[in-house]
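Worksheet: the structure to be examined is printed underneath.
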There are 2 protein chains.
Amino acid sequence: MAFNKRTKIREVLNLTPENQIIILMGWVRTRRSNKNVTFISLNDGSCIQNYQIVADPTVIDEDILRKANTGASIKVSGRLVASQGSGQQTELNAESVEILGEADPESYPIQPKKHSLEFLRENAHLRIRTSTFSAVMRVRHHLAYSIHEYFHQKGFFYIHTPIITASDAEGAGEMFRVSVLDPKNPPLKEDGSVDFKQDFFERETNLTVSGQLEGELAALALSEIYTFGPTFRAENSNTTRHLAEFWMIEPEMAFYDAEDNQDLAEDFLKYVISSALRHCKEDLMFLDQRAAEEEKTKKAELRNELSLLERLTFVTENKFERITYTEAWEILKNSAPNKKKKFAFPIEEWGTDLQSEHERYLVEKHFKKPVIISDYPKAIKSFYMKQNEDGKTVAAMDILFPGIGEIVGGSQREENLEKLAQRMEELNISREEMWWYLDTRRFGTAPHAGFGLGFERLVLFVTGMGNIRDVIPFPRTPGNAEF
Amino acid sequence: MAFNKRTKIREVLNLTPENQIIILMGWVRTRRSNKNVTFISLNDGSCIQNYQIVADPTVIDEDILRKANTGASIKVSGRLVASQGSGQQTELNAESVEILGEADPESYPIQPKKHSLEFLRENAHLRIRTSTFSAVMRVRHHLAYSIHEYFHQKGFFYIHTPIITASDAEGAGEMFRVSVLDPKNPPLKEDGSVDFKQDFFERETNLTVSGQLEGELAALALSEIYTFGPTFRAENSNTTRHLAEFWMIEPEMAFYDAEDNQDLAEDFLKYVISSALRHCKEDLMFLDQRAAEEEKTKKAELRNELSLLERLTFVTENKFERITYTEAWEILKNSAPNKKKKFAFPIEEWGTDLQSEHERYLVEKHFKKPVIISDYPKAIKSFYMKQNEDGKTVAAMDILFPGIGEIVGGSQREENLEKLAQRMEELNISREEMWWYLDTRRFGTAPHAGFGLGFERLVLFVTGMGNIRDVIPFPRTPGNAEF
């Protein structure tokens with residue numbers, strides 16, 4: 001065998017037809033025949049395009065062609081010629097066709113018709129073979145790659161922070177316990193509580209909710225680092241925006257202040273979205289079309305004013321609006337929906353957290369562009385955020401995107417040992433357990449900042465899909481851990 | 001503030017001195033003074049080199065200079081001039097020095113002297129500030145980046161396979177349970193067993209031991225994919241080669257046979273090691289020196305014949321030896337150590353697994369180069385490996401490296417539904433639970449292959465470190481989940 005000698009469809013599309021022999025392998029999308037000729041539309045996952053194969057029944061055995069049903073895997077050897085029809089420049093005149101794997105049309109779930117996203121989610125092992133999901137996965141790949149490329153070019157170092165952690169100080173949400181103890185009869189201590197001393201790590205451990213704290217340790221040694229790893233939330237929220245297992249990118253930079261942090265985050269988001277627009281043009285055109293059709297099924301007032309491609313270009317070409325929480329609060333307090341009592345959560349007192357209806361108003365109605373909100377009230381933000389001199393706010397920032405809401409959250413970190421320790425005491429966070437985190441402020445502390453980007457939120461925004469379960473290969477949500 | 005206006009030391013090293021103003025920030029490695037001048041050696045993590053700052057006590061307040069102890073974080077503004085001394089082309093004549101964060105010499109653990117690796121492991125939050133660990137982390141970054149670069153250039157797509165999984169069919173080792181049930185009083189079913197129906201995912205779930213099975217699903221749609229994610233083993237092995245949490249790279253390719261798989265793995269390993277040699281020259285020279293000093297402490301017979309840099313070049317420049325298990329078994333059976341009964345596990349019957357003493361003999365003594373062993377007895381390999389026509393062996397391959405042993409394990413996968421299902425039955429693997437895996441053989445199956453690379457094994461090999469706990473920022477091993 002010499003399987004690796006095949007040519008990918010992505011490459012064939014760029015070849016000049018010179019009657020040369022080409023070998024293709026892939027999965028049949030559709031087959032149609034008339035009495036003179038059979039057309040097979042083949043896809044190999046390398047790109048969104050299917051490739052047209054022309055089989056003459058006097059050359060290729062009809063028994064073989066009959067088995068080339070939708071979903072079958074085939075190997076075709078043929079000559080590359082200029083295409084007779086429209087749609088594609090070249091086509092392959094088959095000289096031999098081999099069925100590598102059949103797909104019974106009676107039982108193969110992915111037929112050439114519109115399947116619901118719910119049905120495809122139940123067949124997540126096969127949905128990657130559809131145009132929509134293969135496009136999403138290719139875009140996802142390019143986004144991931146451009147994230148590494150961006151930070152690498154800037155001299156950041158990729159750091160793998162731990163997945164299993166004994167620290168729960170981040171307080172970002174409910175955690176999954178990781179254990180090897182007998183689930184039914186765990187060893188107990190004298191006081192009747194579970195004796196985690198006998199567990200694998202000799203203490204209670206959980207799945208991480210964020211790599212930030214460990215990322216800070218690395219930034220305070222290597223200057224500029226980023227993480228890109230899985231994070232977890234054991235929250236029972238069945239929404240289109242939440243996953244129990246998702247991937248986060250968390251850059252952390254020594255010698256950055258809050259403004260540097262905002263500059264980096266804006267530049268970064270523009271870079272990766274531009275990169276997708278440049279490298280995933282065909283996939284995004286397909287997804288743009290798909291999103292446009294979805295829009296038609298929505299009520300007029302819920303429709304996007306901009307198409308998917310317009311939304312992406314819009315983000316890359318506009319300077320993000322930068323306002324403080326206090327400015328946002330004033331805009332919202334005086335806004336028409338607030339005065340007309342249209343918000344489910346009316347804006348009154350300074351200091352309450354913004355809800356997604358408020359964020360959407362700011363981004364989609366008021367500014368009509370991405371917004372960076374900074375300097376939030378310290379009571380609604382995490383202990384590690386740098387306390388501003390006003391005594392009331394912290395140097396936090398959230399970046400809000402149209403349709404998505406918060407896509408990035410970050411802050412300058414509190415680098416002052418006393419202030420940090422005091423805030424931890426106020427919030428009842430154990431300074432003994434966090435000795436290592438405090439040590440970085442005790443020894444050679446430096447101003448530093450960072451942010452977190454939920455990768456699936458980014459993929460959701462760039463692909464225009466409506467449900468976060470459709471932008472990760474095998475989603476983990478309450479009750480779902482299949483595949 | 002405008003912190004981001006600093007220049008990194010890596011960049012300063014390439015500047016021509018023109019008396020220009022440069023701002024550096026970093027951590028003091030050492031300080032020495034005579035009555036006329038103070039020299040500060042500064043490191044900012046951007047590269048292995050420390051940068052020399054010259055401070056004239058008539059220009060910089062001596063109180064400030066006194067605080068610039070080892071570990072302190074400082075900001076220096078000064079003029080870039082040609083260096084008076086040897087060792088470095090330029091130096092910075094300080095015009096102002098600001099202490100960003102002090103480091104008390106009495107309590108800061110990382111002093112300018114040799115610390116044991118054990119001590120540094122207990123201070124993993126600070127060890128990244130040392131030359132050795134910052135070099136390891138930079139090399140680790142470059143290896144990770146070049147892995148993405150390699151696959152991206154070849155048209156592979158990066159796939160995130162699930163971390164939390166309900167499948168345990170891979171059988172690669174003991175697993176960690178993931179749960180939100182009350183650890184002390186879990187809900188029970190009528191038969192007295194734990195009612196995992198009430199757990200978060202409504203079933204028992206664990207941390208993944210491999211992304212391969214899900215990777216196969218994606219490869220049988222996108223043709224060529226790779227994973228790069230954390231994997232877990234709940235094995236109580238306290239060795240220098242094992243971690244409970246480690247990162248794996250698992251490419252999986254449709255339309256590849258066993259030979260294609262070997263070709264790819266060899267090309268891939270050579271690419272990433274060459275890339276490290278090219279891009280991490282200074283770090284690797286430092287680590288080469290460090291490894292050479294370590295060697296001196298070993299007994300003569302345990303010393304490496306080649307230096308670290310020689311070992312790396314050796315791998316990139318030699319064609320890997322390719323032999324079958326049966327050939328390896330014959331070589332070993334007739335080897336001097338076997339005949340002299342020097343092996344702890346004597347080689348007798350065909351069919352037993354090779355131990356690391358055997359692998360080392362083949363790689364380090366017999367062939368003296370990397371070895372790919374293929375076609376292992378099926379009884380010692382996994383159910384999903386393609387059964388060879390001899391009925392006795394499978395199309396598996398292991399790649400063995402000097403000093404490391406197995407660095408890659410892979411195989412062509414069994415694409416035949418009947419053979420796969422029968423092997424699962426023989427091994428008592430539930431076909432009902434694995435319906436989705438079998439579906440890929442039921443519908444449009446295709447020859448495919450893949451392999452797994454333990455990332456830390458690769459970092460261990462390339463950095464020449466002796467313990468796998470020293471090549472990951474925060475190692476997870478039995479009893480250790482600190483930081």
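As a basis for the values below, the full set of heavy atoms in this structure was taken, side chains included, without hydrogen atoms, waters or symmetry mates. Throughout, protein chains are lettered first and strands after them, A, B, ... in sequence-line order, and every chain is numbered starting at 1.
At least one donor-acceptor pair under 3.5 Å links the side chain of Arg177(A) to the backbone N or O of Leu181(B). Judged purely by atom type and a 3.5 angstrom limit, Trp436(A) has no side-chain atom pairing as donor or acceptor with the backbone of Asn123(B). Glu245(A) places a side-chain N or O within 3.5 Å of a backbone atom of Ile163(B) that can act as its donor or acceptor partner. The backbone N or O of Gly101(A) sits nowhere less than 3.5 Å from a side-chain atom of Thr445(B) that would complete a donor-acceptor pair.
Not less than 6.0 angstrom separates the ring centroid of Tyr437(B) from the ring centroid of His125(A). Between Phe443(A) and Trp27(B), the gap from one ring centroid to the other reaches at least 6.0 Å. Ring centers of Trp247(A) and Phe228(B): at least 6.0 Å apart, outside the cut-off.
Interface remark: of the candidates Gly192(A), Gly229(A), Ser134(A), Ala144(A), Gly192(A) forms the most heavy-atom pairs closer than 4.5 Å to chain B. Between chain B and the residues His142(A), Glu11(A), Arg203(A), Arg127(A), the largest count of heavy-atom pairs under 4.5 Å involves Arg203(A). Ranked by heavy-atom pairs under 4.5 Å with chain A, the list Leu417(B), Asn480(B), Val28(B) is led by Asn480(B). Each of Ile74(A), Thr70(A), Leu220(A) has some count of heavy-atom pairs under 4.5 Å with chain B, and the biggest count is that of Leu220(A). Across Ala218(A), Ser193(A), Ala254(A), Ser107(A), the residue that shares the most heavy-atom pairs under 4.5 angstrom with chain B is Ser107(A). Your options are Ala234(B), Ala446(B), Pro162(B), Pro473(B), and the one with the most heavy-atom pairs under 4.5 Å with chain A is Pro162(B). By number of non-hydrogen pairs under 4.5 angstrom with chain A, the leading residue of Phe200(B), Phe474(B), Phe196(B) is Phe200(B). Between chain B and the options Glu216(A), Arg138(A), Met137(A), Arg442(A), heavy-atom pairs under 4.5 Å are most frequent for Arg138(A). For the set Asp439(A), Thr205(A), Thr165(A), the count of heavy-atom pairs under 4.5 angstrom toward chain B peaks at Asp439(A). Of the listed residues (Tyr158(B), Phe176(B), Tyr145(B), Tyr108(B)), the one with the most heavy-atom contacts under 4.5 Å to chain A is Tyr145(B). Counting heavy-atom pairs closer than 4.5 Å to chain A, the top residue among Gly71(B), Cys47(B), Ala72(B) is Gly71(B). Across Gly45(B), Gly444(B), Ala221(B), the residue that shares the most heavy-atom pairs under 4.5 angstrom with chain A is Gly444(B).
With a 4.5 Å cut-off on non-hydrogen atoms, Glu149(A) touches chain B through its backbone and its side chain both. Residue Glu214(B) touches chain A through both its backbone and its side chain, counting heavy-atom pairs closer than 4.5 Å.
A side-chain donor-acceptor contact under 3.5 Å links His141(A) and His152(B).
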Show, in sequence, the C-alpha distance, side-chain angles and deciding distance for Ile164(A) and Leu207(B), and conclude whether the side chain to side chain contact (heavy atoms under 4.5 Å, CB included) test is met. CA-CA 10 Å; Ile164(A) 300 172; Leu207(B) 290 178; 3.9 Å; yes

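Remark: Arg129(A) engages no residue in a salt bridge (charged side-chain N to carboxylate O under 4.0 Å, His left out) (not counting sequence neighbours).
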